[in-house]
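One structure is given below, encoded as C-alpha cells.
Residue numbers run from 1 in the order of the sequence given. Remember, it's 1-based here, ligands and their atoms both numbered in the order they're listed.
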Amino acid sequence: MEQKGRENWGSRIGFIMAAAGSAVGLGNIWRFPYLTGENGGGAFIVIYLGCIIFIGLSIMIAEFAVGRRTSLAAVGAYKSYSSRWTFAGVLGVLSAFFIMGFYPVVGGWAMAYIAKSFTGLLAAPEAVPDVFGAFIGGTAQPLIWMVIYLAINVFIVARGVAGGIEKAGKILMPMLYILLIIVAVKGITLPGAGAGIEFLFKPDFSKVTGQTFLAALGQAFFSLSLGMGCMITYGSYLNKQEKLPSNALIVTLMDTSVALLAGIAMFPALFAFGMEPSQGAGLVFVVLPQLFAQMGGIGVIFSAMFFIALFIAALTSSVSLLEVVVAYLMDQRKMERKPAVYGTAVVMAVLCILSSLSMGALSGVKLFGVGFFDFFDILTDKIFLAIGGMLLAIFTGWFVKKEDLKDELTNSGAVPFGLFEIWYNLIKYVIPVLIGIVAIMGIMAIEQTSLMIFGLLIIVVLAIFSNKL
Ligand code: PHE
C-alpha cells in the first residue's frame, strides 16, 4: 500500500515538472510583461486571467484527457478518430515549427545576457537600453548565440528528453522562483515604484480593444503550451492513476504565478526608473539589468543567476516544441529520431536567422507588412494557437464520447470530478463560441489583416487536404 503511494507520487512530480517545464518559459518572463506593457497594464491582466480560468484550464484538461485516452501524440490522437481531423494535429506541428522560428533567437539573447552580466553591462546602467538595441540589431553576435542555443536543444532532443534536462529543471525552476521574488521585492522597494503597482493592478478598461482580447487569449495559449498538441503528447505518457484535472490545475497555477511575479518584478522598477511601459520585446533585457545595477557588487551575481534561470526555463519549453515536430516525423513519417532532429533543426535555424536579422540587416524586408520575427510570432500566437484550441474543444466536445471523457477525468469512477458537467459544457458550447468571437474581434481590429487572412487560409487548406496528411 505504502509502496504504491510512493511510486505514484514520484511519477506525478516527474510529469508535473515536464508539463510545467514546457509551460513556464519565455512566455511568462519575457513575453507576458511586455504584452502587459503594450496593452495598458491591469486591464490586460484581468482579461488574461479570465482567459486562463475559463478557457486555458479547461483546454488543458481536455488535452490531457485526449492524450491519455488515445495514448498517442497529437496527430495520431486526432487521426485515430477520423482522418478528417488529422489537419488539426498537423496545424499543431506547424505551430511548434513556427514558434521555433523565433523562440531560439530570444533564448540566445538570454544566454548572451549571462555573459554580458560579467562583462560590464551593469557598470553603465544608463547605457543598458542602447546596448540591447545594438546587440539584437547586430548580425554575428545574436546569430552565434541563437545557433548555440538551438544546438543545445538538438543535443538534448537527439538523446531523448529525460535525464539531465529534467534534473536541471528541478533545481533551476525553484531557483527561478526565488530569484523572481527577490527581484520583485527589490523593485517594489525602489522610490517611485508605486506607479508600477498601480499600472499592474488598477485596470483601465478605456485602453481595451478587440486586439487586447486576442492578445490575451493568444498569450494564454502560448504560455500554457496549449492549442498545438504539446499537452496531448504529454498526456499520452501519463499513467492511469493520475488525476488529470488536479494536475492541470497545478500546472496552470505554477505558470500563472510565474507570469504575475515577472510582472511584479518588472513594472515597479520600470516606473521607478521613469521608463516607458510599452517598449516591447526588450523589456526584461532593459529593465532588469538596471535594477541589478542598483544592487551594487552582488548585482552581477543576481543578474547572471537570473539569466541562467531564464535560459533554463526557455530550454525546457523549446525542447518540448522541438519534440512535437520530431515525434510527428517519427510516428507519421517513419523517420529515425536523429535525422528527424537534425533535419528539423536546420530548417528552424534558417527561420531563426531570418527572424534575428529582421531586427537589423533585414529590417526592411516585410511579409504581410511585418518583419520575419513578428511574422512567426503573430502567425502562431494570434492565429494558430487560438484556432488550434478551438478545434480541440470542438473535437473533444462533439466527437469524443462523453462517457469516455468522464471515464478519463474520474479514472473510471475512482476519483470524483464534481465539475465535470460544467467543464463539459464549457468545452462543447462556450469555449468554441468564445474563441470564435475573440478571433472575429481580433481580425477586425488587427493591423495586419492580410496576415490574418493568410493564416486562416493555411488552416482551410490543411483542412481540405486533411485525409492526405
Ligand atoms: N509555454 C512556453 C512559454 O511560455 C512556450 C510554448 C508554447 C511551449 C507552446 C510549448 C508549446 O514560453
Side-chain angles (χ1 to χ4, degrees), residues 16-36 48 51-52 56-57 59-60 63-64 67 73-74 89 91-110 149 153 156-157 161 165 169 172-173 176 180 215-235 248 251-263 281 283-284 309-328 344 348 376-389 392:
I16 287 182
M17 276 302 171
S22 169
V24 176
L26 295 172
N28 307 61
I29 302 162
W30 162 69
R31 204 161 186 281
F32 174 76
Y34 93 70
L35 279 182
T36 302
Y48 175 73
C51 291
I52 293 278
L57 180 57
I59 297 270
M60 192 182 289
E63 291 205 11
F64 284 168
L91 178 65
V93 174
L94 210 59
S95 307
F97 193 72
F98 282 141
I99 293 175
M100 284 300 277
F102 68 92
Y103 207 94
V105 174
V106 184
W109 297 351
Y149 180 87
N153 282 269
I156 294 166
V157 177
V161 184
I165 185 84
L172 285 154
M173 281 295 170
L176 177 73
L180 275 175
L217 183 70
Q219 172 63 11
F221 278 105
F222 185 87
S223 190
L224 292 171
S225 303
L226 297 176
M228 42 78 71
C230 191
M231 293 303 181
I232 299 181
T233 310
Y234 278 179
V251 173
T252 303
L253 286 175
M254 285 174 72
D255 189 72
T256 309
S257 59
V258 173
L260 291 177
L261 257 178
L283 199 59
V284 65
L310 180 61
F311 157 65
I312 298 293
L315 194 61
T316 52
S317 300
S318 53
V319 162
S320 75
L321 285 160
L322 181 54
E323 179 68 21
V324 166
V325 181
V326 169
Y328 165 73
T344 309
M348 286 171 175
F376 297 131
D377 184 8
I378 296 173
L379 193 63
T380 48
D381 63 56
K382 290 237 170 78
I383 308 172
F384 284 4
L385 296 188
I387 302 286
L392 178 96

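For the pair T316 and V24, the tightest heavy-atom approach, listed with the atom from each and the gap, is OG1-O, 4.1 Å. The shortest heavy-atom contact between A309 and L176 is CB-CD1, 3.4 Å. Heavy-atom minimum distance, S317 versus S22: OG-O, 2.9 Å. The nearest pair of heavy atoms linking L35 to A215 is CD1-O, 4.4 Å. Nearest approach of M231 to A23, heavy atoms of both residues: CE-CB, 4.5 Å.
Checked by distance only, ligand 1 and L321 stay at 3.5 Å or farther apart across all their nitrogen or oxygen atoms. For a threshold of 3.5 Å applied to N or O pairs, the pair formed by F222 and ligand 1 contains at least one separation below that value. Among the atoms of G27, some N or O lies under 3.5 angstrom from an N or O of ligand 1. For ligand 1, the polar-atom distance check against A23 finds a nitrogen or oxygen pair separated by under 3.5 Å.
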Solution key, residues 95-104 side-chain donor-acceptor pairs under 3.5 Å, sequence neighbours excluded:
from: S95; atom 1: OG; to: L91; atom 2: O; distance (Å): 2.9
from: Y103; atom 1: OH; to: L26; atom 2: N; distance (Å): 3.0

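Ligand-side atoms of ligand 1 in range of S223: 1 (N), 4 (O), range being under 4.0 angstrom from any heavy atom. Residue-ligand proximity, S320 to ligand 1, at heavy-atom distances under 4.0 Å covers atoms 10 (C). Those atoms of ligand 1 with a heavy atom of L26 less than 4.0 angstrom away are 12 (O). Close approach to M228 involves these atoms of ligand 1, each under 4.0 Å from a residue heavy atom: 9 (C), 11 (C).
If you check each of G25, S22, A314 against atom 2 (C) of ligand 1, the one with the closest non-hydrogen atom is S22.
When only non-hydrogen protein atoms are considered, atom 10 (C) of ligand 1 lies nearest to S225 OG, 3.3 Å.
Looking at heavy atoms from C-beta onward, Y149 lies out of side-chain contact with W109 at the 4.5 angstrom threshold.
Under the 4.0 angstrom criterion for non-hydrogen atoms, Y103 is in contact with ligand 1.
The line from CG of L224 to CG of D255 is 4.5 Å long, rounded to the nearest 0.5 Å.
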